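First up is the structure itself, then whatever we jot down about it.
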Amino acid sequence: MIAKVLIQWHTKHGRKNLPWQKNFDPYHIWVSEIMLQQTQVATVIEYYQNFLKKFPTILSLANADIDEVMQSWSGLGYYRRARNLHDTAVMIRDSFKGQFPNRYEDLIKLPGIGRSTAGAILAFSFNKKYPILDGNVKRVFSRLYGIEGWSGLTLVEKKLWGIAQELLPDKSIRIYTQALMDLGATICKKNNPECPQCPLIKQCLAFNKKLTHLIPASKPKKDLPIMDTNILLIENAKTILLTKRTEKKVWQGLWSLPEVDSTDPRVWVKKNLYIHQSQIITQGTKTATFSHYKLRMHFTHLNVQIKNDMNQIKNTIWMPLEEIEGAALPSPIKVLIKQCYKLK
DNA sequence: TAGACGTGGGC
DNA sequence: TGCCCAAGTCT
């Protein structure tokens, strides 16, 4: 019954013109689903189009250099997704003869594809009867059935998956799945849901009990810890010194400004670079907020003149200023660099 | 299983 | 402004 109502609602009110809705190509669907993880539709659209232009087929992605993939992902965040995307493309090329798998057991083993993304690929691309459970769907079901408690709790999540599985229709899974997400995105919103427009208003427990503002329950909040770091913006003849972040932590695989222990930048510069002279241009602090901590970046912008026989430091490059914007750098670092050149 | 993992929209 | 959170997954 619920599925039928949703499918009918979708014919008039569903979203049908998103860039990844032009065909059912599993490669296209997969790329969009990965990009859309924890990322809003409006943000994804441009990245998606650029990405497919650069990597039109799964083979072109598999054969690409990871650095190129990171460059395309720069600014989107959660960079592990880009590495997983590339790894998965290689696996499909080598272990599946380039054919995108269409079985749940195969999909779930691929890096970056969890239960919900596997369900989305199966539903959208292959019209197979599998559930999804993203933020939209969690919100819709939580309200519809008056599920209390934060959806991150194991028990709550289990209930929601159960509902997702139970309500699945035998036919039109593709439309049904899209309808569910569209309802969550456009009507059953977190704040100020438009209940009068909702096709499920009569059977919605949260609406009938006037609990839509309390369901779904918010994630328990915690104060974000503050981390401090010292970074250097070293300029030499219109180029900037960048280091690749190879450690398995935030911004892995991206180029960034060197991070140093010393609060006096000249110590690091003297130790690592052969220079004629160095001159501090500006110093300051900029804070970047992540989902799990705040990073206070104490930066020093300085100008150096490198000797010809400078020593090469591992994983570093001097990047021309004009190439920074299009390179694989984290957003806050790009902003910081831009600000420094306004300040000057 | 709780924490790591980014960034920007919206209020 | 500051806070919540978005088409989640991995460890």
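Residue numbering restarts at 1 for every chain, and letters A, B, ... go by the order of the sequence lines. As the structure is a computational prediction, the values presented were derived from the model and not from experiment.
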Next item on the list: Answer yes if the side chains of Thr246(A) and Gln252(A) hold a donor-acceptor pair under 3.5 Å, and no otherwise.
Entry: no
Next item on the list: Grab the CD-P distance between Gln40(A) and dG6(B) for me, whole Å please.
Entry: 17 Å
Next item on the list: Check every strand shown and say whether Gly75(A) touches a base, only sugar-phosphate, or nothing at a heavy-atom separation below 4.0 Å.
Entry: sugar-phosphate
Checklist line | For Gln21(A), the option from Arg15(A), His28(A), Gln178(A), Lys16(A) that meets side-chain hydrogen bond (donor to acceptor under 3.5 Å, both in side chains) | finding: Gln178(A)
Note to self: Quick check: on DNA chain C, is the nucleotide nearest Ala185(A) upstream (toward 5') of the one nearest Lys248(A), or the reverse? Name the residue that is more 5'.
What the structure shows: Ala185(A)
Next item on the list: Can you tell me the distance, in whole Å, between the NZ atom of Lys190(A) and the C1' atom of dG10(B)?
Entry: 14 Å
Notebook entry, point to check: How about His13(A) and Asp182(A): does a side-chain donor come under 3.5 Å of a side-chain acceptor?
Noted result: no
Could I get a table of every N or O pair under 3.5 Å where one atom is in the protein and the other is in nucleotides 8-10 of chain C?
unit_1, atom_1, unit_2, atom_2, d
dG8(C), OP1, Gly135(A), N, 2.9
dG8(C), OP2, Gln38(A), N, 2.7
dG8(C), OP2, Gln38(A), NE2, 3.1
dG8(C), O3', Thr117(A), OG1, 3.4
dG8(C), N7, Gln38(A), NE2, 3.4
dT9(C), OP1, Gly114(A), N, 2.9
dT9(C), OP1, Gly114(A), O, 3.4
dT9(C), OP1, Thr117(A), N, 3.0
dT9(C), OP1, Thr117(A), OG1, 2.7
dC10(C), OP1, Gly112(A), N, 2.7

Checklist line | Check: Glu157(A)/Ser151(A) side-chain N/O donor and acceptor closer than 3.5 Å | finding: no
Notebook entry, point to check: Between dG6(B) and dT1(C), how far is it from one P atom to the other, in whole Å?
Noted result: 25 Å
Note to self: Can you measure Lys286(A) atom NZ to dG6(B) atom P for me and round it to whole angstrom units?
What the structure shows: 17 Å
Next item on the list: Identify whether any heavy atom of Thr154(A) sits under 4.0 Å from a base atom; if not, whether one sits that close to sugar-phosphate; answer base, sugar-phosphate or nothing.
Entry: sugar-phosphate
Check: What does Trp20(A) touch in the nucleic acid at a heavy-atom separation under 4.0 angstrom: a base, only the sugar-phosphate, or nothing?
Finding: base
Item checked: Exercise: identify the closest heavy-atom pair between Leu167(A) and Ala3(A) -> O-CB, 3.8 Å
Note to self: Measure CD1/Ile34(A) against C1'/dC5(B) and give the value in whole Å, please.
What the structure shows: 14 Å
Next item on the list: Establish, from distance only, whether the side-chain atoms of Arg81(A) and Thr39(A) form a donor-acceptor pair under 3.5 Å.
Entry: yes
Notebook entry, point to check: What is the distance from CZ of Phe290(A) to C1' of dA6(C), rounded to the nearest Å?
Noted result: 18 Å
Item checked: Pairwise P distance for dC5(B) and dA7(C), with rounding to whole Å -> 23 Å
Margin query: Minimum heavy-atom separation for Ala164(A) and Leu168(A), please, with both atom names.
Written below: O-CD1, 3.4 Å
Notebook entry, point to check: Counting side-chain heavy atoms from CB outward, which of dG6(B), dA7(C), dG9(B) is closest to Val41(A)?
Noted result: dA7(C)
Next item on the list: Assign each of Arg81(A) and Thr43(A) to its nearest nucleotide of DNA chain B by heavy atoms, then name whichever residue's nucleotide is nearer the 5' end.
Entry: Arg81(A)
Check: For Lys158(A) and dT1(B), what is the distance between atoms NZ and C1' respectively, to the nearest whole Å?
Finding: 15 Å
Margin query: Nearest to the Pro332(A) side chain among dA7(C), dC5(C), dT7(B), which nucleotide is it?
Written below: dT7(B)
Note to self: When you measure from the side-chain N and O atoms of Tyr79(A) to the phosphate of dT7(B), is any distance below 4.0 Å, counting only OP1 and OP2?
What the structure shows: yes
Check: Does a side-chain N or O from His292(A) land closer than 4.0 Å to OP1 or OP2 of dC5(B), or not?
Finding: yes
Item checked: N/O donor-acceptor pair, side chain Arg15(A) with base dA7(C), under 3.5 angstrom -> yes
Note to self: Rounding to an integer number of angstrom, what distance separates dG8(B) and dT9(C) when you compare their P atoms?
What the structure shows: 22 Å
Check: Hey, does Lys334(A) reach any base, or is it just sugar-phosphate, or nothing, if we go heavy atoms under 4.0 Å?
Finding: nothing
Margin query: Distance check needed: dT7(B) C1' versus Trp251(A) CH2, whole Å only.
Written below: 11 Å
Checklist line | Salt-bridge contact Glu325(A)-Lys338(A) (side-chain N to carboxylate O under 4.0 Å) | finding: yes
Check: Toward the 5' end of DNA chain B, which comes first, Leu76(A) or Asn192(A), by nearest nucleotide?
Finding: Leu76(A)
Checklist line | Atom-to-atom span, CZ of Arg139(A) to C1' of dC4(C) - whole angstrom | finding: 12 Å
